[in-house]
Amino acid sequence: MDKAYDPKATEAEIYKLWEQGGYFVPKIDKTKEPFTILLPPPNANADLHLGHAMYVVEDILIRYHRMKGDPTLWLPGADHAGFETQYVYEKALAKEGKSRFDFDRKTLYKNIWDFVHQNRGTMENQLRRLGFSLDWSRNIFTLDPKVVAIVYQTFKKLYDDKLIYRGMRLVNYCTKCGTGFSDLEVKYEERKDPLYYMKYGPFTIATTRPETKFRDTALAVNPKDKRYKKWIGKTLDIQGLLGPITMTVIADPEVDMEFGTGIMKVTPAHDHHDFELGQKYNLPVTPIITFKGRMDFSWFLAKKDIPEKYRARAELYHGKKIAEVRPLMVEHLKEDGLLVKIDENYTHRIGLCYKSGTVIEPLPMQQWFVKVKPLADAVKKAIKEKKITFVPKRFEKLANQWLTNFHDWNISRQIVWGIRIPVWYSVEENPKLKIEFRYEDVTVGGEIQELLQHNPQSAGDYRTFKGNTNRAHDENYHVKNFTLEEIQNGIQSVQAPPESTFVISADAPGNNYLQETDTFDTWFSSGQWPFATLEASPFKGDYEYFYPTSVMETGYDILPWWVCRMAMLGLYRTSRVPFKTVYLHGLVRDAKGQKMSKSKGNVINPLKMADMYGADALRFSLIFGTAAGNDQSLSEDKIRGMRNFANKLWNIGRFIQMNFDAAKAQNITVPFYNEAFHKTLTNPNDKRIITEFNMMKSKVGKYMGNYRLSDAAQTIYDFAWHRIADVHLEKNKERFKAGDPQALAVLRHLYMNILKLLHPFMPFVTEALYQKIEGWDGTPLIISSWP
RNA sequence: GGAUCUGUAGCUCAGCUGGUUAGAGCGUACGAUUCACAUUCGUAAGGUCAGAGGUCCGAGUCCUCUCAGAUCCACCA
């Protein structure tokens with residue numbers, strides 16, 4: 001044996017041995033209860049970071065149960081990570097000077113597919129590098145056809161149960177990313193913005209967004225507010241920048257009398273709160289901002305007999321960005337004497353796109369929603385009945401809080417990379433269907449139904465396609481023969497008005513159908529992971545045997561996004577909880593307790609650490625001295641310290657081997673330790689260390705059962721290093737050297753069992769050492785039995 | 001506004017349902033070592049467990065309040 005342990009020389013070999021030996025594949029035994037964990041699927045296209053390395057918790061539990069003889073499954077997978085991935089891909093496109101709008105839908109999807117699959121193997125090899133004993137024969141991807149089919153079934157069932165509805169709602173829209181988001185994905189930031197006080201008929205109102213006031217539909221006051229009582233219910237003509245607007249004064253108790261002037265304008269199309277008021281009082285939703293984040297005054301310019309002054313203004317505003325138009329409007333307000341004052345020190349919180357940092361624009365849109373409350377209530381009940389328990393316990397409270405506060409879940413995303421919503425609109429039945437269509441770098445809006453109705457059966461005869469009239473007059477516009485397939489692929493978006501009818505189906509119900517262009521929020525599919533993976537498994541009976549899973553282990557930061565949704569959808573689809581225990585780990589921070597980020601340059605790359613100090617050292621340092629659910633600081637020093645421990649184990653092994661070799665040379669036979677042998681023990685040192693070991697062992701067993709992995713790790717660490725190496729070895733050195741069979745037998749027994757106890761934590765070095773032990777029976781440590 | 005977490009040795013953190021002299025890793029000081037390991041060994045210094053009050057025979061551990069830090073959610077123009 002070498003003087004020092006060299007992880008590089010052993011780890012890859014050992015992983016191969018395990019994988020090829022088929023030890024990661026569960027040994028199904030119907031008489032035993034299985035132990036199952038699903039790996040939270042990492043993004044298929046991304047490298048692993050330290051957060052992923054925390055999956056070591058799962059590997060420890062898996063290896064522990066495997067050694068205990070439970071049929072054990074740890075199922076790996078990859079997530080398509082819809083928006084995240086498309087975002088990364090678009091950034092790569094931007095570097096080439098391109099954007100997603102340069103491709104039709106099908107090509108874009110295929111390009112992203114290729115992009116993801118080029119990178120996917122990297123992530124999987126990194127999981128291997130860390131020693132994770134995943135059953136690769138069951139590896140699965142969120143876009144595998146079987147998974148998609150299951151997601152579709154869920155959607156259909158939800159719809160049939162009236163838990164999914166389509167509705168015009170204000171969505172959190174990022175005009176830069178071109179998609180809407182769920183509430184969870186909006187980040188807030190404190191900003192100082194001017195608060196404009198402006199004359200509004202007989203009132204003064206305060207607003208930070210003067211640009212939306214052109215489409216105000218009402219004024220609202222608090223019914224208790226004496227100042228405005230006489231106006232309630234009255235209809236007024238209010239002088240604005242583009243002439244008078246007619247609106248009614250409504251009373252609603254939600255209006256804060258203290259804020260600003262106590263009177264608020266209601267803009268249902270661009271404010272969540274106003275939208276709700278609008279719904280309550282039946283106000284029209286009239287947008288003035290487009291999905292590109294530009295001002296839209298076409299509604300005004302289409303009017304007849306507009307005074308020239310106002311027409312000029314509207315033309316000036318039209319098509320401009322909000323930031324450009326706001327100062328112009330302020331100028332015009334001053335000009336007209338409508339501006340009362342500006343409060344420059346007003347701070348408020350505004351919503352930002354969590355990805356691009358763009359201001360989120362609430363815009364009205366037809367979207368698909370999941371009615372969350374019935375689903376969430378079922379989960380709350382299951383938690384109350386202890387069908388799901390949390391480690392640590394406090395997360396139960398948090399989960400309940402989440403489940404209580406969830407709004408209806410917007411599952412529509414205006415992106416291509418994902419599972420397309422299986423909704424089909426009949427072109428014939430929905431004459432108002434609007435499509436955006438792109439070909440040959442020309443985006444055409446138009447009435448495709450005319451085209452499709454002409455000859456829906458035969459492809460290749462769509463010359464009658466007119467496109468929109470503006471384009472038709474454009475001499476650069478080319479009419480081309482489109483096939484039906486080309487039309488389907490070239491569709492940028494289908495906008496179906498509220499009254500549209502539709503069919504839910506995985507495939508086109510007929511030729512005259514166009515599919516919804518939105519895709520599902522990634523979490524809608526990953527929320528079905530537990531049953532979807534097991535149902536889609538290539539091995540028959542997996543779902544029946546392994547579902548529900550035993551432990552769901554993940555970072556606490558995705559408790560609401562993922563864990564709660566899995567619980568909701570799992571319970572809904574299978575009537576059983578998808579997992580019995582939820583173990584949540586904390587964030588890994590840098591040595592100073594700061595969040596790791598690329599910009600701070602304090603990121604520790606787990607793969608680099610594994611290369612430098614060994615995967616075992618990295619694994620151990622992530623467990624050692626940390627508590628479930630708490631953030632932890634990780635320094636390279638700590639990893640180095642754990643590397644030293646691996647080396648200590650190595651050298652105990654080396655010491656043992658040298659002494660066994662010496663004994664062999666003298667023809668001394670060392671017996672194996674067993675109960676009968678134990679009775680023949682005479683030396684008090686041997687007896688005592690065995691007793692101590694047995695106590696330590698039962699302590700470790702108890703800790704493992706309670707998910708107290710850090711305590712288990714520390715207990716073994718302490719015993720191996722400070723009890724065995726520092727004391728027992730030193731005190732009995734002469735006996736070992738003399739080849740005392742009893743002493744050596746006891747030592748070998750202790751050592752073998754320490755390696756076993758330690759194996760879940762440090763699988764590589766323990767396996768390597770175990771196989772070197774004199775008299776090894778040929779069973780790899782990974783499948784040997786837990787002491 | 002609501003909620004959660006954290007505050008224990010110089011640093012980073014353990015400490016389960018309250019019970020003997022409060023622990024680890026790293027760091028520090030001094031010393032040892034060709035004998036498994038310098039990725040080593042020994043010895044030592046270092047904490048009024050944020051503060052105050054309370055419950056208890058007994059509290060770092062439970063309760064209340066205060067202070068400090070972090071995080072999450074909601075969000076009023």
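Residue numbering restarts at 1 for every chain, and letters A, B, ... go by the order of the sequence lines. The figures that follow rest on heavy atoms only: side chains count, while hydrogens, waters and symmetry mates do not.
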A/Asp274 atom CG is separated from B/rC75 atom P, nearest whole Å, by 13 Å
From the list A/Phe655, A/Phe645, A/Tyr5, A/Tyr770, ring-ring contact (aromatic ring centres under 6.0 Å, His included) with A/Trp650 holds only for A/Tyr5
Heavy atoms under 4.0 Å, any strand shown: does A/Ala646 hit a base, just sugar-phosphate, or nothing?
-> nothing
Does A/Lys187 have a side-chain nitrogen or oxygen under 4.0 Å from the phosphate oxygens OP1 or OP2 of B/rC72?
-> no
Please measure how far the P atom in B/rA3 lies from the corresponding atom in B/rC65, and state the result in whole Å.
-> 11 Å
Looking at B/rA14, B/rA36, B/rA74, which one has an atom nearest to any side-chain atom of A/Tyr188?
-> B/rA74
Could you check whether A/Arg708 gets within reach of a base, just the sugar-phosphate, or nothing at all, counting any heavy atom under 4.0 Å?
-> sugar-phosphate
A/Leu236 vs A/Pro202 side-chain heavy atoms within contact, under 4.5 Å | yes
How is A/Thr208 classified with respect to the nucleic acid when contacts are heavy atoms under 4.0 Å: base, sugar-phosphate, or nothing?
-> sugar-phosphate
Does A/Asp718 come within less than 4.0 Å of A/Arg723, counting only side-chain N to carboxylate O?
-> no
Touch class at under 4.0 angstrom, heavy-atom based, for A/Trp650 against every strand present = nothing
Crowding at NZ, A/Lys699 (>12 non-hydrogen neighbours, <6.0 Å) = no
So what does A/Val255 hit on the nucleic acid, given a heavy-atom distance under 4.0 Å: a base, only sugar-phosphate, or nothing?
-> base
Can you tell me how far P of B/rG2 sits from CG of A/Asn405, to the nearest Å?
-> 14 Å
Could you tell me whether the phosphate oxygens of B/rA77, OP1 or OP2, come under 4.0 Å of any side-chain nitrogen or oxygen in A/Tyr346?
-> yes
Sugar-phosphate only, base, or nothing, as touched by A/Asn630 at under 4.0 Å among non-hydrogen atoms | sugar-phosphate
Would you please enumerate the stems RNA chain B participates in, each stem being three or more consecutive Watson-Crick or G-U wobble pairs with both distances under 3.5 Å?
-> B:1-7 with B:67-73, B:10-13 with B:23-26, B:28-32 with B:40-44, B:50-54 with B:62-66
Side-chain contact check for A/Asp711: nearest option of B/rU4, B/rC41, B/rA14 is B/rA14
Among the nucleotides B/rA74, B/rG42, B/rC72, which one has an atom lying closest to any side-chain atom of A/Trp402?
-> B/rC72
For A/Ser633, answer base if it contacts any base atom (sugar-phosphate contacts may also be present), sugar-phosphate if it contacts only those atoms, and nothing otherwise; contact means non-hydrogen atoms under 4.0 Å.
-> sugar-phosphate
Using the C1' atom as the reference point in each nucleotide, state the distance between B/rG60 and B/rU6 in Å, no decimals.
-> 14 Å
Whole-Å gap separating P (B/rA24) and CZ (A/Phe645) | 15 Å
Donor-acceptor pair present, A/Gln401 side chain and B/rA74 base, under 3.5 Å = no
Would you say the side chain of A/Arg643 and the base of B/rU39 hold a donor-acceptor pair, judged only by whether the two atoms sit under 3.5 Å apart?
-> yes
Would one find a side-chain N or O of A/Lys733 under 4.0 angstrom from OP1 or OP2 of B/rA36?
-> yes
Tell whether A/Lys638 reaches the base of B/rC26 with its side chain through a donor-acceptor pair below 3.5 angstrom.
-> no
Scan A/Leu587 against the nucleic acid and name what it touches under 4.0 Å (heavy atoms): base, sugar-phosphate only, or nothing.
-> nothing
Salt-bridge test for A/Lys8 and A/Asp6: reply yes if a basic N is under 4.0 Å from a carboxylate O, no otherwise.
-> no
Would you mind classifying the nucleic acid contact of A/Phe624 as base, sugar-phosphate or nothing, using non-hydrogen atoms under 4.0 angstrom?
-> sugar-phosphate
May I have the distance from A/Leu769 (atom CG) to B/rA36 (atom P), rounded to whole angstrom?
-> 17 Å
Could you tell me the separation between the CD atom of A/Gln632 and the C1' atom of B/rU71, rounded to a whole number of Å?
-> 17 Å
From CA spacing to verdict: side-chain hydrogen bond (donor to acceptor under 3.5 Å, both in side chains), A/Asn345, A/Lys192 = CA-CA 6 Å; A/Asn345 289 316; A/Lys192 202 163 107 175; 3.2 Å; yes
If we only count heavy atoms from C-beta on, is the A/Met198 to A/Thr204 side-chain gap below 4.5 Å?
-> no
Rounding to a whole Å, what distance do you find between A/Leu709:CG and B/rG15:P?
-> 12 Å
Counting just side-chain N and O atoms, does A/Lys648 come under 4.0 Å of either OP1 or OP2 of B/rC41?
-> yes
Separation of atom CE in A/Met762 from atom C1' in B/rU39, rounded to whole Å = 12 Å
Looking only at B/rA77, B/rA74, B/rC37, the nucleotide nearest the A/Glu730 side chain is B/rC37
Any idea which of B/rG25, B/rA36, B/rC37 is nearest the A/Ala725 side chain?
-> B/rA36
Salt bridge between A/Asp631 and A/Arg589, side-chain N to carboxylate O under 4.0 Å?
-> yes
At under 4.0 Å between heavy atoms, what does A/Lys213 touch on the DNA or RNA strands: base, sugar-phosphate, or nothing?
-> nothing
Which of A/Asp616, A/Val700, A/Ile716, A/Asn753 passes side chain to side chain contact (heavy atoms under 4.5 Å, CB included) with A/Leu758? Answer is A/Ile716
From the list B/rU4, B/rA77, B/rC73, which nucleotide is the closest neighbour of the side chain of A/Thr207?
-> B/rA77
Quick one: label A/Phe395 by what it contacts on the DNA or RNA (base, sugar-phosphate, nothing), any heavy atom closer than 4.0 Å.
-> nothing
Could you check whether A/Asp637 gets within reach of a base, just the sugar-phosphate, or nothing at all, counting any heavy atom under 4.0 Å?
-> sugar-phosphate
Give A/Trp721 one of three labels, base, sugar-phosphate or nothing, depending on what nucleic acid heavy atoms sit under 4.0 Å from its own.
-> sugar-phosphate
Any idea which of B/rA36, B/rC5, B/rG25 is nearest the A/Arg394 side chain?
-> B/rC5
Would you say a side-chain N or O of A/His722 is under 4.0 Å from OP1 or OP2 of B/rG23?
-> no
Between B/rG58 and B/rG2 - C1' atom distance, rounded Å = 37 Å
Is there a donor and acceptor pair closer than 3.5 Å between the side chain of A/Arg654 and the base of B/rC37?
-> no
Please work out if A/His270 contacts a base, only the sugar-phosphate, or nothing of the nucleic acid, heavy-atom cut-off 4.0 Å.
-> nothing
Does A/Glu636 pair with A/Lys638 as a salt bridge, N-O distance under 4.0 Å?
-> no
